[in-house]
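Note: hydrogens, waters and symmetry copies are ignored here, and every other heavy atom, side chains too, is used.
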Amino acid sequence: MPDEVKPNVDEAPTHDAQLAADSIASGEEKAPTVDFDADYAAAQQFSVSEIDRTGEGSAAAEAATAPKYNVSKTEEVKTQAQPTGNPEDYADLAKEVGGSQTEGVTNVTDDLVKKALEKGERKN
């Protein structure tokens with residue numbers, strides 16, 4: 001069932017819309033009607049292209065989206081951290097790095113990194 005459009009001159013966003021609303025309000029022009037059901041049915045016809053109604057559509061889509069390069073499959077690798085040393089070494093290292101709560105940045109030197117690597121490699 002068509003619905004009649006009732007424009008409001010005060011709510012018209014553009015000058016053209018205001019002129020159209022005035023013309024409809026004065027009776028110079030007929031108010032347009034909108035048939036939502038018919039518009040929806042027409043839109044359904046356009047929502048699927050002709051090629052998609054055949055088997056060619058799926059073949060064309062598959063060809064268009066096929067990868068150009070072979071991608072290797074990923075392999076899941078599980079790692080488990082093993083204890084590598086004395087926990088006291090790490091506590092000492094944390095003190096050396098400077099765990100001050102008031103300092104936001106710590107200077108990390110090459111010697112400090114070397115010392116950390118050495119402590120991490122030690123096995124007791």
Side-chain angles (χ1 to χ4, degrees):
M1 179 173 155
D3 293 330
E4 186 175 319
V5 177
K6 298 177 183 172
N8 184 345
V9 178
D10 297 329
E11 294 178 1
T14 64
H15 182 67
D16 289 339
Q18 289 174 348
L19 291 175
D22 284 337
S23 297
I24 293 170
S26 67
E28 292 176 33
E29 285 187 37
K30 185 179 174 188
T33 57
V34 178
D35 189 348
F36 293 105
D37 294 330
D39 287 347
Y40 181 77
Q44 295 307 304
Q45 294 298 317
F46 292 112
S47 68
V48 178
S49 67
E50 291 299 322
I51 195 170
D52 287 334
R53 296 172 204 263
T54 66
E56 290 179 40
S58 61
E62 190 173 321
T65 58
K68 294 180 182 178
Y69 305 102
N70 291 332
V71 179
S72 61
K73 293 186 178 182
T74 58
E75 294 180 17
E76 186 174 328
V77 178
K78 292 186 179 185
T79 57
Q80 185 174 357
Q82 299 294 326
T84 57
N86 185 355
E88 292 175 9
D89 290 339
Y90 297 104
D92 293 338
L93 179 63
K95 290 177 187 173
E96 290 175 18
V97 170
S100 171
Q101 292 182 357
T102 57
E103 288 182 358
V105 179
T106 305
N107 290 333
V108 178
T109 62
D110 290 340
D111 292 334
L112 188 60
V113 171
K114 184 177 178 183
K115 207 182 276 188
L117 290 172
E118 289 171 358
K119 287 185 179 184
E121 291 176 357
R122 274 193 232 154
K123 292 184 181 178
N124 292 336

Practice item. Not counting sequence neighbours, which residues clear side-chain hydrogen bond (donor to acceptor under 3.5 Å, both in side chains) with Ser26? List them please. Key: Glu28

Residues 10-21, side-chain donor-acceptor partners within the protein, below 3.5 Å, at least two apart:
from: Thr14; atom 1: OG1; to: Ala17; atom 2: N; distance (Å): 3.1

Exercise for review: Please report the closest heavy-atom contact between Ile24 and Lys30, naming both atoms and the distance.
Suggested key: CG1-O, 4.3 Å

Point to revise | Greater than 12 external heavy atoms within 6.0 Å of Glu56's CD | key: no

Point to revise | Other residues, nucleotides, ligands: >12 heavy atoms within 6.0 Å of Gln44 CD | key: yes

Exercise for review: Please check if atom CG in Asp110 has more than 12 non-hydrogen atoms from other residues, nucleotides or ligands closer than 6.0 Å.
Suggested key: no

